[in-house]
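Order of listing sets the numbers, starting from 1, for every ligand and every atom in it. Sequence positions, counted from 1, serve as the residue numbers for this chain.
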Amino acid sequence: MDLLLNPEDMAFRTEVRGFLSDHVTPGMRRAIDLTTGFLIDPDVLRELHGALHRKGWSVPHWPVEHGGTGWSPVKRYIFDLECGSAGAAAYNASGSHFVGPVIIRYGTPAQQEKYLPRIRSGEDYWAQGYSEPGSGSDLAALKTRAESDGDSYVINGQKIWTSMAHHANRLFALVRTSNLGKRQDGITFLLIDMDTPGVRVRPIVGNGGDHEFNEIFFEDVRVPKANRIGEENKGWEVAKYLLEFERGGRVLAGQVRAQFATLVRLVGARCPGDGAIRARLAEIGTDLDAMEMIDISVLSTLQAGGNPGPISSLLKLRWSEIRQAIAELAVDAAGADALRWRSERPLYETLQLPPEEEEIAAALPRYLNSRAFSIMGGTSEIQTNILAKSLVGL
Ligand SMILES: Cc1cc2nc3c(=O)[nH]c(=O)nc-3n(C[C@H](O)[C@H](O)[C@H](O)COP(=O)(O)OP(=O)(O)OC[C@H]3O[C@@H](n4cnc5c(N)ncnc54)[C@H](O)[C@@H]3O)c2cc1C
């Protein structure tokens, strides 16, 4: 990589590294490394996000007029890579990476003025209300109803698998505003304040022991029509636009490389001479290199103000597989010791072990949670279907 960087890029990389080493404290790093779920608790990342905001770096990928940095794709890549290896995960990807680009593309000036600064600063924390019981892969089957009543909609229904809803003060949601015609033509995209009367959140604890998911129930929840993104019954286009950013709008290579480095250390400590495990390690390393190149190519599209397009499904599919392979190999390297199950969560608040043993204690819950990578954001089968249609023309 150094071979491709010009002196300005290298100076930028030094600046980013310096910033991150000043602001990612050892306690924060430990909490990030020992998070066994797929999202970091916002309390762990809030301070770092604040520092990034003060520096003007909290939403580098947004257009400059909305607070983005205007960096070249190479600089954006360097930034994402360095953040990943320092453990600096996105504070609230649902805000900055999912709904942010949607508000920029489809929001009114008033909506942009209201919501975008609060995403940049971290004042708002967003959750995603797409899935419902009976509506996951077949998202257009959703039933949560929004009835028009003067200047408001009145919402009744239920969402499920809503990640981090217990931390969120805002929700973007798909609701049904019509049952006429094609199912996709009766869906509307709404922004809902979580403290609106009638919104109730119920936790779901995952099979790895972490509380990340929730159910959300809506009982006569009044939402102003001013909170609608785009036209009534035209939310399907908005929803799909958002999904491309969810599946492929950022560089995961840095984050996954950091997890890979931990795995390499674990294998080195536990089973350095095991040829089969070393071969799997080499395979993952090669896949990582290939994916990184595709990540970079997508950055150029985003730089030009575009959306990721169907390649986002390929990124989602392959990154899920690589992350699962890392989690699986960690359990195999830990061997029977991985079965020393600890139910207390989060681990960083309860464990007092040498680092290598901490990593072993985290291996199994991480493996169990990693099964979710090929489900969240649309399952692998759905990504394969999209690729078959859009890239292969089947
Ligand atoms: C970690 C995690 C976080 C999540 N966070 C959120 C969130 O914040 N907000 C939110 O709205 N949702 C969230 N979800 C829900 C997620 O989007 C859905 O679980 C996902 O879309 C699959 O839907 P489903 O669970 O209803 O499974 P189903 O749609 O019932 O699928 C069951 C199985 O059938 C297969 N299948 C279904 N249809 C087809 C088809 N046409 N062709 C081939 N195979 C098919 C699927 O691939 C899957 O294997 C999250 C899920 C996970 C695991």
Side-chain angles (χ1 to χ4, degrees), residues 35-42 89-90 92-99 102 125-144 155 157-176 183-184 187-192 194 199 201-218 235-236 238-240 242-248 252 312-313 316-317 319-321 323-324 327 345 365-390 392 394:
T35 292
T36 53
F38 62 98
L39 290 173
I40 312 287
D41 191 306
N92 177 215
S94 292
S96 56
H97 287 75
F98 304 177
V99 80
V102 158
Y125 192 95
W126 287 84
Q128 176 179 34
Y130 274 27
S131 306
E132 298 181 5
S135 163
S137 303
D138 187 12
L139 189 56
L142 64 93
K143 291 196 170 64
T144 293
I155 320 279
Q158 183 196 344
K159 295 290 170 182
I160 195 167
W161 312 124
T162 326
S163 304
M164 298 298 193
H166 53 305
H167 292 293
N169 65 328
R170 310 247 191 224
L171 177 81
F172 56 88
L174 298 177
V175 294
R176 180 151 301 286
R183 296 177 310 167
Q184 286 84 348
I187 291 171
T188 298
F189 193 105
L190 282 187
L191 309 180
I192 301 176
M194 289 294 282
V199 175
V201 176
R202 190 164 73 183
I204 302 174
V205 174
N207 66 0
D210 297 276
H211 172 202
E212 293 183 305
F213 301 128
N214 301 273
E215 292 173 286
I216 304 185
F217 299 91
F218 303 93
W236 188 246
V238 184
K240 285 197 301 180
L242 183 143
L243 280 173
E244 285 186 7
F245 284 90
E246 177 173 358
R247 291 167 180 163
L252 281 180
S312 56
S313 289
K316 164 72 181 44
L317 180 71
W319 276 126
S320 303
E321 289 167 353
R323 292 162 107 183
Q324 286 176 340
R345 292 289 181 280
R366 203 172 269 152
Y367 166 76
L368 292 171
N369 283 327
S370 80
R371 306 322 299 157
F373 286 132
S374 48
I375 303 173
M376 62 199 255
T379 67
S380 289
E381 290 77 13
I382 294 304
Q383 305 318 311
T384 317
N385 285 348
I386 293 172
L387 289 169
K389 256 197 221 161
S390 59
V392 189
L394 294 175

Task: Pairwise distance CG(Leu142) to CD1(Ile187) - rounded to 0.5 angstrom - done: 4.0 Å
Open item on the list: Rounded at 0.5 Å granularity, tell me how far OG1 in Thr35 sits from CD1 in Ile40.
Closed with: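 Reported to 0.5 Å precision, the distance equals 4.0 Å.
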TODO: Using the test side-chain contact (heavy atoms from CB on, under 4.5 Å), find all partners of Ile375 that sit at least two apart in sequence or belong to another chain.
DONE: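 In terms of side-chain contact (heavy atoms from CB on, under 4.5 Å), with neighbours along the sequence ignored, Ile375 is linked to Thr379.
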Task: Which residues share a side-chain contact (heavy atoms from CB on, under 4.5 Å) with Asn369, sequence neighbours left out - done: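 For Asn369 the side-chain contact (heavy atoms from CB on, under 4.5 Å) partners, ignoring immediate neighbours, are Thr36, Asn207, Asp210.
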Task: Residues Glu381 and Ser137: side-chain donor-acceptor under 3.5 angstrom - done: no
- [ ] Scan for salt bridge (Lys or Arg N to Asp or Glu O under 4.0 Å) pairs involving residues 159-168, sequence neighbours excluded, and state none if there are none.
- [x] Glu132-Lys159
Tabulation required: pairs of a nitrogen or oxygen in ligand 1 and a protein nitrogen or oxygen under 3.5 Å; columns are atom names and distance to 0.1 Å; otherwise 'none'.
{"residue": "ligand 1", "atom": "5 (N)", "partner": "Trp161", "partner atom": "O", "Å": "3.0"}
{"residue": "ligand 1", "atom": "5 (N)", "partner": "Ser163", "partner atom": "OG", "Å": "2.7"}
{"residue": "ligand 1", "atom": "8 (O)", "partner": "Trp161", "partner atom": "O", "Å": "3.4"}
{"residue": "ligand 1", "atom": "8 (O)", "partner": "Ser163", "partner atom": "N", "Å": "2.9"}
{"residue": "ligand 1", "atom": "8 (O)", "partner": "Ser163", "partner atom": "OG", "Å": "3.2"}
{"residue": "ligand 1", "atom": "9 (N)", "partner": "Gln128", "partner atom": "O", "Å": "2.7"}
{"residue": "ligand 1", "atom": "11 (O)", "partner": "Gln128", "partner atom": "O", "Å": "3.3"}
{"residue": "ligand 1", "atom": "11 (O)", "partner": "Tyr130", "partner atom": "N", "Å": "2.9"}
{"residue": "ligand 1", "atom": "11 (O)", "partner": "Ser131", "partner atom": "N", "Å": "2.7"}
{"residue": "ligand 1", "atom": "11 (O)", "partner": "Ser131", "partner atom": "OG", "Å": "3.2"}
{"residue": "ligand 1", "atom": "12 (N)", "partner": "Ser131", "partner atom": "OG", "Å": "2.8"}
{"residue": "ligand 1", "atom": "17 (O)", "partner": "Ser131", "partner atom": "OG", "Å": "3.4"}
{"residue": "ligand 1", "atom": "23 (O)", "partner": "Ser137", "partner atom": "N", "Å": "3.3"}
{"residue": "ligand 1", "atom": "29 (O)", "partner": "Ser137", "partner atom": "N", "Å": "2.9"}
{"residue": "ligand 1", "atom": "29 (O)", "partner": "Ser137", "partner atom": "OG", "Å": "2.6"}
{"residue": "ligand 1", "atom": "42 (N)", "partner": "Asn385", "partner atom": "ND2", "Å": "3.1"}
{"residue": "ligand 1", "atom": "47 (O)", "partner": "Thr379", "partner atom": "OG1", "Å": "2.7"}
{"residue": "ligand 1", "atom": "47 (O)", "partner": "Glu381", "partner atom": "OE1", "Å": "2.6"}

